[in-house]
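Have a look at the structure below before the remarks.
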Amino acid sequence: MELGLIILAGGKSSRMGRNKTWLNWQGQTFLENMIHKAKDYGFTDIIVVANDAAEQYKTLPIKLTKDVYADCGPLGGIHAGLSFGSLSYYVVVSCDMPLLDFHFVEGLAAYADGINQAIVPLTKEHQQPLAAIYHRDCVPVIVQLLERGKRKIDLLLQNVETKRVPLYDFSRSFFNVNTPEELVIAKAKAMNGKRRIPIVSIVAGTSGSGKTTFITKLLPLLKQMGLRTAVLKSDGHGFDLDHEGKDTWQFSQAGAEVVAIVSPQQYAIIAKTQEKKSLLEVAAKIDAVDLILIESRHHGVFPILEIFRGDIHTELITPREDLAAILTNQFQADTNIKILPLDEPEKTALFIQKLL
């Protein structure tokens, strides 16, 4: 059975403060990203439901329609798309899910059997009605609801034959972006999804800012959450882990470029370098952990959490595009950047979990 695709792009984006449809995502807009992935997956009948008159729509390989019932939220968009389409079943997605992997459809398609009118994924936390399959038979039911002022998708699912399918492996894929904070989280998830081990950096503009103290409070909290964590520290002055007179020290003094030592509980490798290695180069050598925390003054990699203390800092050092959150009790500037209290590391631990 052929499935069409309906992309909902008609929301007001009030929490974002600008139209999410045209937000930048890896060199494309949110909508272009969704269409590109849909085409790659194999969709040929792609309907976009939008209520603005942007010229950009004219250049896209889509069919365009708009809400029949204005200001009725996603349910109104589902109605508009299904009413406009000609196929029996359509996958309905919101354009604000930039991490969406269309392979989730394969877990649902078998239930598009002419009996089920809505096939909805379940994650461990929620059902996902805006990444689901709907039959055109839903249209009259939606009309009845909207005519009565009922706009919740849950009411539609209660009034049609609905099949809910566990798709726990796609939880990350269904992440949707409604706020500037969630946009940063989505970008961090995308970046960390490409890494062998996720990375989060904690930086500060000066020494003595409390980075090490904060990380030592953070580590047991991350461990309680089940995250095995490595810490990678950037040092600008040089260091010496070895001790004069020890065997490894003698090997190094005698000319060994790399010295390693292994015990039943741990091992260490000390390598001489002609120039400072990048943090990512060293991170690539770490294994058997779920997360790498980087501590650095200036050289963190995205996503970055910056410690800001009003008594010693005057400005942020991290470029806005790399900054995921500010750890502070004193930052007062009007900003869309996430603020986390420096004296409540448990909130930072929960935030870090979202970035993975």
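What you are looking at is a predicted structure, and each value in this text was computed from that prediction instead of being measured.
- Grouped by direct or indirect side-chain proximity (heavy atoms under 4.5 Å, Ile/Leu/Val/Met/Phe/Trp/Tyr only), L280 sits with I197, I199, L232, L279, V282, I286, V289, I292, I294, V301.
- Among pairs with a residue in residues 32-50, those fulfilling salt bridge (charged side-chain N to carboxylate O under 4.0 Å, His left out) read D45-K63, at least two apart in sequence or across chains.
- A search for ring-ring contact (aromatic ring centres under 6.0 Å, His included) contacts involving F175 returns nothing, not counting sequence neighbours.
- Think of F251 as one node in a network of Ile, Leu, Val, Met, Phe, Trp and Tyr side chains linked at under 4.5 Å; its network also takes in V259.
- Using modelled atom types, one side-chain atom of S171 and one backbone atom of Y168 make a donor-acceptor pair closer than 3.5 Å.
- The hydrophobic cluster containing I352 does not contain I337, counting ILVMFWY residues as joined when their side-chain heavy atoms lie under 4.5 angstrom apart, directly or transitively.
- Although no hydrogens or angles enter the test, the distance criterion places a donor-acceptor pair under 3.5 Å between the side chain of T162 and the main chain of V160.
- Counting non-hydrogen atoms of neighbouring residues, nucleotides and ligands closer than 6.0 angstrom, the CZ atom of R18 reaches no more than 12 such neighbours.
- Using modelled atom types, one side-chain atom of D113 and one backbone atom of N116 make a donor-acceptor pair closer than 3.5 Å.
- With S252 contributing its side chain and W249 its backbone, the two residues share no donor-acceptor pair below 3.5 Å.
- Of the inter-residue distances, the one linking I202 atom CD1 with L305 atom CG reads 5.5 Å to the nearest 0.5 angstrom.
- With sequence neighbours left out, W22 forms a ring-ring contact (aromatic ring centres under 6.0 Å, His included) with Y57.
- Screening residues 110-155 for ring pair (Phe, Tyr, Trp, His ring centres under 6.0 Å), with sequence neighbours left out, gives Y89-H135.
- Closest approach of P345 to K217, counting heavy atoms only: CG-CB, 4.1 Å.
- Residues passing the side-chain hydrogen bond (donor to acceptor under 3.5 Å, both in side chains) test with R195 are N192, sequence neighbours excluded.
- V141 and I153 end up in the same hydrophobic cluster when Ile, Leu, Val, Met, Phe, Trp and Tyr side chains are linked at under 4.5 Å.
- Transitive grouping of hydrophobic side chains (ILVMFWY, heavy atoms separated by less than 4.5 Å) brings L219 and L327 into a common cluster.
- The one candidate from D96, N176, T29, T179 that meets the side chain to side chain donor-acceptor pair (under 3.5 Å) condition with K20 is D96.
- Sorted by first then second residue, the salt bridge (charged side-chain N to carboxylate O under 4.0 Å, His left out) pairs that include residues 267-292, not counting sequence neighbours, are R228-D290.
- R15 places no side-chain N or O within 3.5 Å of a backbone atom of N178 that could act as its donor or acceptor partner.
- Every ring-ring contact (aromatic ring centres under 6.0 Å, His included) that Y41 has, sequence neighbours left out, goes to F43, H103.
- Hydrophobic clustering (ILVMFWY, side-chain heavy atoms < 4.5 Å, transitive): L350 and V184 are in distinct clusters.
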Requested in this report: Decide yes or no on side-chain hydrogen bond (donor to acceptor under 3.5 Å, both in side chains) for E295 and T212, but give the supporting numbers first.
Outcome: CA-CA 8 Å; E295 181 195 326; T212 299; 3.2 Å; yes
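- Of the inter-residue distances, the one linking T213 atom OG1 with L218 atom CG reads 12.5 Å to the nearest 0.5 angstrom.
- Between atom CD of residue Q158 and atom CG of residue L145 there is a gap of 9.5 Å, rounded to the nearest 0.5 Å.
- Residues V120 and V139 fall within the same hydrophobic cluster, defined by Ile, Leu, Val, Met, Phe, Trp and Tyr side chains chained together at heavy-atom separations under 4.5 Å.
- Applying the side-chain hydrogen bond (donor to acceptor under 3.5 Å, both in side chains) test to pairs two or more places apart or on separate chains, those with a residue in residues 144-153 are Y69-E147.
- Going from atom CG of L108 over to atom CG of L167 covers 5.0 Å, rounded to the nearest 0.5 Å.
- Of the possible polar contacts, none joining the N51 side chain to the K66 backbone as a donor-acceptor pair under 3.5 Å is found.
- For F174, the ring-ring contact (aromatic ring centres under 6.0 Å, His included) partners two or more places apart in sequence, or in a different chain, are F104.
- With hydrogens and angles disregarded, a donor-acceptor distance shorter than 3.5 Å links the side chain of Q117 to the backbone of E161.
- No donor-acceptor pair closer than 3.5 Å links the side chain of R164 to the backbone N or O of Q127.
- Using modelled atom types, one side-chain atom of E306 and one backbone atom of T318 make a donor-acceptor pair closer than 3.5 Å.
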Please tabulate, for the side chains in residues 308-317, all donor-acceptor contacts under 3.5 angstrom to protein atoms that are two or more places apart in sequence or on a different chain.
from	atom 1	to	atom 2	distance (Å)
R309	NE	S209	O	2.6
R309	NH2	S209	O	3.4
H313	ND1	R309	N	2.8
H313	NE2	T206	OG1	3.1
H313	NE2	S209	OG	3.1

